[in-house]
Amino acid sequence: MDINAEQNLYRSPDHPGIHCYIVNVTSSSGLWQSENPLTQSLPILAMQLATVIVITRVLQYIFKPYHIPPIVANILGGILIGPTALGNLGYFQQMFPLRALMMLETVSYWALTCHVFLLGLETDVASVLRAGKKAIHVAAFGFLFPLLAGIALFLMIHKNRPDEESSQSQFVYFAAPLAMTGFPVVSRILVELKLIHTDLGRLAMSCALVEDLVGWAFVIVLLPYTISFLNAVYSALANVAFILFCVYAVRPVLAILIRRTTAHRNNVNEHYLSFIMVSVSLFACATEVLGTGSLVGAFVFGVIMPDRVIAGMLADKFEDFMSGYLLPLYFVTCGLKINLKEVNSNWAGPAFTILICCSLKIIGAMITTSRYKIPRRDAFALGLISNTKGIISMFMANLAIDKKILSSYEYATLVLSIAVMTAATGPIIANMYRPAKRLSHYKQRTIQQAKGAESELRVLACFHGPYNITGMINLFDSSATTKESPLNVFALHLVELTGRASAMLIIHNPGKSRAGRKDANSEQILTALDTFASLNDSIEMHPLTALSPFVTMHDDICSLAEDRRVSFVILPFHKPPTRDGKLDEEGSTSFRGVNLNVLANAPCTVGLFVDRGFGETQNEDSSLKRQVAMLFFGGPDDREALAYASRMGASGVVNLRVLESNHGGDGMDGIQGTAGEFGGLVTASAYVERQRKLDEMCLNEFRLRSAGQEMIHYEEKEVNGEEEVVFILREMATTQQIDLFLVGKGEGALQPLTAALLDWCEYPELGPIGDSLVSMDDSRSSVLIVQQYIGPEEEAEELGDQRREHMVDVHEPSEHSREHLGKWQVPGEEDEHHLGGFEMEPFDRHKRDDGMDGLKYNY
């Protein structure tokens with residue numbers, strides 16, 4: 001049946017101007033009976049989906065290098081398909097006929113409802129309570145000022161078009177989308193630009209979250225207000241009661257059901273999916289009955305989901321299909337209502353309107369932030385980021401045109417303003433905060449560089465839990481903290497963030513009361529750090545908590561290290577210490593994955609701290625000194641470890657012993673490291689000679705500095721094989737009561753003394769010497785393994801013109817550790833507490849293969 005045929009039209013006698021179509025879902029005859037399949041609803045919908053996805057994906061691909069979010073591509077894709085451009089072609093007129101809009105809008109609106117449910121899963125309402133007064137003040141003014149200014153702007157536009165009537169609903173529907181901020185879109189832009197953990201990023205995220213929730217509250221009030229004020233009051237009260245019922249009645253019931261029926265959290269079966277879809281439908285219907293639309297109910301159901309792990313799994317299952325496949329249809333329905341040719345004769349008006357709309361948030365942010373002495377550059381960027389719009393702004397605009405509240409001219413102007421404001425944010429912010437500009441002041445990336453004119457050492461120390469407190473604090477205490485050489489510590493407690501909520505960095509104010517804190521582990525860590533800092537004037541302590549999933553935790557650590565310009569990142573070993581001075585047999589495979597990724601991507605020197613109760617004996621008897629031994633075999637990592645050992649030796653609480661190990665044969669001439677092996681360095685005579693000179697310079701400087709110091713002992717020892725190396729290590733660890741071994745990881749200096757030890761390494765991230773020390777079951781010595789940061793400039797300076805000829809391709813500053821960290825296999829949830837889910841290549845297979853260039857460790 002051809003629905004274009006006259007006999008398939010039904011005209012209502014009561015409404016003669018309205019035509020209804022009798023539509024078949026599909027055709028069983030097809031071309032064999034000379035029927036056009038595109039006259040049936042299902043083939044049209046399938047072709048519409050394919051066309052929309054192709055166009056929007058192409059636009060996303062074009063916009064991605066410029067950091068323009070996908071929502072802009074979806075909006076422009078909808079406009080292109082509409083009557084503005086492609087809609088004038090015969091193919092697109094047949095593909096998007098007026099008769100097919102009903103099914104298109106129904107499917108797209110359901111996709112929008114499910115997408116809003118996913119946004120609710122990602123929203124952490126508790127974060128608003130942690131936003132702080134500054135973020136709330138900036139967000140409140142950033143919403144109200146554009147709202148009022150947008151109303152004035154609408155009245156100005158409407159004054160120039162006297163042929164159109166105005167109402168209160170019109171200017172509110174025009175101004176409200178301009179005042180809203182899309183929190184998910186802001187989060188995406190900041191993550192892409194690696195600004196999420198900067199001061200600007202944290203403030204922008206807090207403001208965006210507050211404004212997003214205020215926008216939802218505005219929707220609850222505004223939708224029923226279009227009917228009458230009394231209707232708005234009744235609807236608002238009913239929705240508040242419904243939300244309270246969901247939070248205090250439905251949410252506990254959901255928690256009980258999930259706890260009783262979910263035996264294995266890593267599996268969400270079809271019963272859960274069915275239950276979730278039914279619940280989304282019921283909540284959407286409930287708020288539709290209450291007068292605020294189905295989106296509010298879907299969003300509320302997502303927010304009250306009690307188990308964030310289950311929420312994350314649900315979002316992973318739904319997101320690709322709903323948001324990536326069906327949601328672009330919603331933007332097509334918006335674009336089909338826009339015809340830019342109608343404003344073609346008067347572009348000055350829309351251009352002026354768009355310019356004013358883009359300026360409102362910026363002006364509001366600069367006015368508010370002046371009170372908090374935020375730099376104008378950051379204030380401008382904050383206002384620009386707040387200009388980012390989300391799906392709720394498009395929903396408000398689309399609803400206004402459907403209800404004929406806005407004219408087509410006003411609707412087109414509003415949608416263009418939303419698209420331009422959102423599209424401009426990414427490119428401008430990326431240009432303002434380019435890594436080259438933002439990190440131009442970040443020069444002291446190693447401990448050796450930090451000992452220059454500025455003697456302050458900036459350290460980022462990570463904590464997995466309270467069991468890391470004692471060892472870390474004793475390590476800080478042993479680091480020569482004086483007023484002339486202070487220690488600036490950023491203590492970061494790593495907390496896994498489950499579900500789909502955005503990662504967050506919490507900055508704690510030292511000394512402030514935290515009586516309301518619910519996290520006992522964080523409270524214990526923060527209290528210990530506050531106490532230690534109060535007893536040491538030369539230590540500046542900055543306690544922080546990072547809430548992020550394990551899969552991106554290393555990015556957060558590296559970004560924070562860049563933002564705080566630290567020279568040394570200290571990571572706890574994934575096996576925590578036990579009470580008897582040994583290491584936990586299992587440990588956390590997830591934290592091991594974090595360590596591997598940090599070692600591969602860190603912007604500065606990294607230390608891996610294997611704590612076996614370092615300093616506990618001296619804590620019991622203050623007259624005892626901590627015994628620290630530094631083993632020097634040569635190479636950049638050992639020079640970096642020696643620089644830190646030199647600082648520890650000047651602390652006054654450490655007896656430092658430095659042992660230089662010389663090979664009984666050809667010494668440094670025995671260095672190995674052909675292209676593709678340990679670190680990717682080559683047997684180039686110029687490189688070997690340069691390393692020899694650097695080692696000699698470093699040792700000579702250390703000997704001069706330590707001359708006459710009773711607590712520093714230096715000796716050279718000739719070693720003739722790996723057996724003798726292991727014997728010396730065991731003797732020092734067991735009989736000489738060494739509290740801490742300080743060793744280099746060994747990259748770039750693979751000597752015959754340590755080459756054979758590689759075949760027995762259990763943990764390649766520790767290096768051959770570090771792994772040998774950790775593997776001694778009868779040892780109680782802690783170990784700090786140091787990996788020096790080597791950027792492309794340092795590599796080029798050291799190797800000169802031979803780098804291109806002899807070295808493997810190294811694209812990123814700290815990729816030098818990827819070649820020998822092995823392969824990471826994704827562990828399941830049930831493998832978290834045993835090593836069955838963690839596999840690595842044996843060390844005898846650490847020769848680089850061509851497929852390992854882009855290796856990234858995920859879990």
Practice prompt. Over 60° means perpendicular and under 30° means parallel, so classify the ring planes of Phe283 and Phe301, tilted if in between.
Written response: tilted
Fill in: CA sep, side-chain torsions, deciding dist, call: Leu86, Ile55, side-chain contact (heavy atoms from CB on, under 4.5 Å)
CA-CA 11 Å; Leu86 300 177; Ile55 292 177; 4.0 Å; yes
Where do [X] and [Y] come nearest, in terms of heavy atoms and distance?
{"X": "Ala208", "Y": "Thr181", "value": "CB-CG2, 3.9 Å"}
{"X": "Asn398", "Y": "Ile401", "value": "O-CG2, 3.0 Å"}
{"X": "Asp212", "Y": "Gly182", "value": "OD1-CA, 4.4 Å"}
{"X": "Leu340", "Y": "Ile338", "value": "CD2-CG2, 3.7 Å"}
{"X": "Ala400", "Y": "Tyr173", "value": "CB-CD2, 3.7 Å"}
{"X": "Met322", "Y": "Ala111", "value": "O-CB, 4.3 Å"}

Contact between [X] and [Y] at the side-chain level, heavy atoms closer than 4.5 Å - yes or no?
{"X": "Ser187", "Y": "Glu122", "result": "no"}
{"X": "Val58", "Y": "Ile62", "result": "yes"}
{"X": "Asp378", "Y": "Tyr433", "result": "yes"}
{"X": "Leu119", "Y": "Ile392", "result": "no"}
{"X": "Phe96", "Y": "Val52", "result": "yes"}
{"X": "Thr113", "Y": "Tyr109", "result": "yes"}
{"X": "Leu416", "Y": "Ile75", "result": "no"}
{"X": "Lys64", "Y": "Gln60", "result": "no"}

Response to the item:
Exactly one of Leu290, Val296, Thr287 clears side-chain contact (heavy atoms from CB on, under 4.5 Å) with Ile220, and that residue is Val296
Worksheet entry | Residue that, paired with Ile429, satisfies side-chain contact (heavy atoms from CB on, under 4.5 Å) out of Thr388, Ile189, Leu195 | Leu195
Worksheet item: Would Lys361 and Phe145 satisfy side-chain contact (heavy atoms from CB on, under 4.5 Å), going step by step from the backbone distance to the final call?
Response: CA-CA 8 Å; Lys361 286 276 190 178; Phe145 179 75; over 6 Å; no
Nearest 0.5 Å, what's the [atom1]-[atom2] distance between [X] and [Y]?
{"X": "Ser206", "Y": "Phe183", "atom1": "OG", "atom2": "CZ", "answer": "8.5 Å"}
{"X": "Leu148", "Y": "Leu153", "atom1": "CG", "atom2": "CG", "answer": "12.5 Å"}
{"X": "Asp402", "Y": "Tyr411", "atom1": "CG", "atom2": "OH", "answer": "7.5 Å"}
{"X": "Phe242", "Y": "Asn239", "atom1": "CZ", "atom2": "CG", "answer": "8.0 Å"}
{"X": "Asn74", "Y": "Met394", "atom1": "CG", "atom2": "CE", "answer": "9.5 Å"}
{"X": "Leu200", "Y": "Arg377", "atom1": "CG", "atom2": "CZ", "answer": "9.0 Å"}

Under 3.5 Å: donor-acceptor pair, side chain of [X], backbone of [Y]:
{"X": "Lys389", "Y": "Ala419", "answer": "no"}
{"X": "Thr106", "Y": "Met102", "answer": "yes"}
{"X": "Ser294", "Y": "Ala284", "answer": "no"}
{"X": "Thr56", "Y": "Ile53", "answer": "yes"}

Is the number of heavy atoms from other residues, nucleotides or ligands under 6.0 Å of [X] [atom1] greater than 12?
{"X": "Tyr234", "atom1": "OH", "answer": "no"}
{"X": "Arg202", "atom1": "CZ", "answer": "yes"}
{"X": "Met277", "atom1": "CE", "answer": "yes"}

Worksheet item: Is Glu105 salt-bridged to Lys337, cutoff N-O under 4.0 Å?
Response: yes
Item to complete: Apply side-chain contact (heavy atoms from CB on, under 4.5 Å) to Phe154 and Glu410, showing your working.
Response: CA-CA 9 Å; Phe154 175 81; Glu410 295 160 350; 3.5 Å; yes
Discussion item. Working note: His115 + Tyr330, criterion side chain to side chain donor-acceptor pair (under 3.5 Å); need CA distance, chi angles, decisive distance, verdict.
Written reply: CA-CA 11 Å; His115 175 74; Tyr330 180 77; over 6 Å; no
Item to complete: Would you sort out whether Gln48 and Met95 count as a side-chain contact (heavy atoms from CB on, under 4.5 Å), showing the intermediate values?
Response: CA-CA 7 Å; Gln48 287 172 343; Met95 187 68 59; 4.2 Å; yes
